[in-house]
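Hydrogens, waters and symmetry mates play no part in the numbers below; they use all other heavy atoms, side chains included. We're numbering straight along the sequence, starting at 1.
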Amino acid sequence: MKILKPLAFIDLETTGTSIQSDYIVEIACMKIHNDETGTIEEKTMRLKPPIPIPKEASDVHGITDEMVKDCPRFIEISKG
């Protein structure tokens with residue numbers, strides 16, 4: 001039987017739609033192992049952006065400034 005490599009899905013919630021000026025407020029990842037177990041791993045992390053989350057963005061994803069006030073900033077968790 002051929003074993004397939006795992007498959008991962010990544011979802012980002014942001015402060016808007018511009019890749020030049022908006023920030024990530026939530027990263028979610030789901031990894032599906034394509035083996036006989038079919039194990040699924042899920043991880044989610046919220047981040048505090050350096051700007052207030054616009055109401056229009058909060059209306060879409062439901063994440064508010066209050067919800068991320070104690071979360072790390074992206075720069076604190078990134079390796080770059």
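- Glu76 CD to Cys71 SG: the interatomic distance, rounded to the nearest 0.5 Å, is 10.5 Å.
- Of the candidates Leu47, Thr14, Ile53, Thr64, Ile53 is the only one forming a side chain to side chain contact (heavy atoms under 4.5 Å, CB included) with Val25.
- The residues Asp65 and Lys69 are annotated as not salt-bridged, no charged nitrogen and carboxylate oxygen being separated by less than 4.0 angstrom.
- Both Ile24 and Ile10 are part of a single hydrophobic cluster, where members link through side-chain heavy atoms under 4.5 Å apart.
- If you take CE on Met30 and NZ on Lys43, they are separated by 13.5 Å, rounding to the nearest 0.5 Å.
- With sequence neighbours excluded, the residues forming a side chain to side chain donor-acceptor pair (under 3.5 Å) with Arg46 are Glu26, listed by chain and number.
- Proximity of Lys48 to Pro72: side-chain heavy atoms (C-beta onward) are nowhere separated by under 4.5 Å.
- Judged as a side chain to side chain donor-acceptor pair (under 3.5 Å), and not counting sequence neighbours, Glu13 has no contacts.
- Of the possible polar contacts, none joining the Thr15 side chain to the Asp22 backbone as a donor-acceptor pair under 3.5 Å is found.
- The main-chain N or O of Gly38 is found under 3.5 Å from a side-chain atom of Asp35 such that the two form a donor-acceptor pair.
- Here the straight-line distance linking atom CD of Glu41 with atom SG of Cys29 works out to 8.5 Å at 0.5 Å rounding.
- Closest approach of Val68 to Pro49, counting heavy atoms only: CG2-CD, 4.0 Å.
- In this structure a side-chain-to-backbone donor-acceptor pair under 3.5 Å is missing from Asp11 to Ala28.
- Cluster note: Tyr23 groups with Ile51 through ILVMFWY side-chain heavy atoms spaced under 4.5 Å, whether in direct contact or through intervening members.
- Side-chain contact between Lys31 and Leu7: absent, with no pair of heavy atoms (C-beta onward) separated by less than 4.5 Å.
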Exercise for the section: Before giving the answer on side chain to side chain contact (heavy atoms under 4.5 Å, CB included), spell out for Ile40 and His33 the whole-Å C-alpha distance, their side-chain angles and the decisive distance to 0.1 Å. Expected result: CA-CA 6 Å; Ile40 297 175; His33 296 268; over 6 Å; no

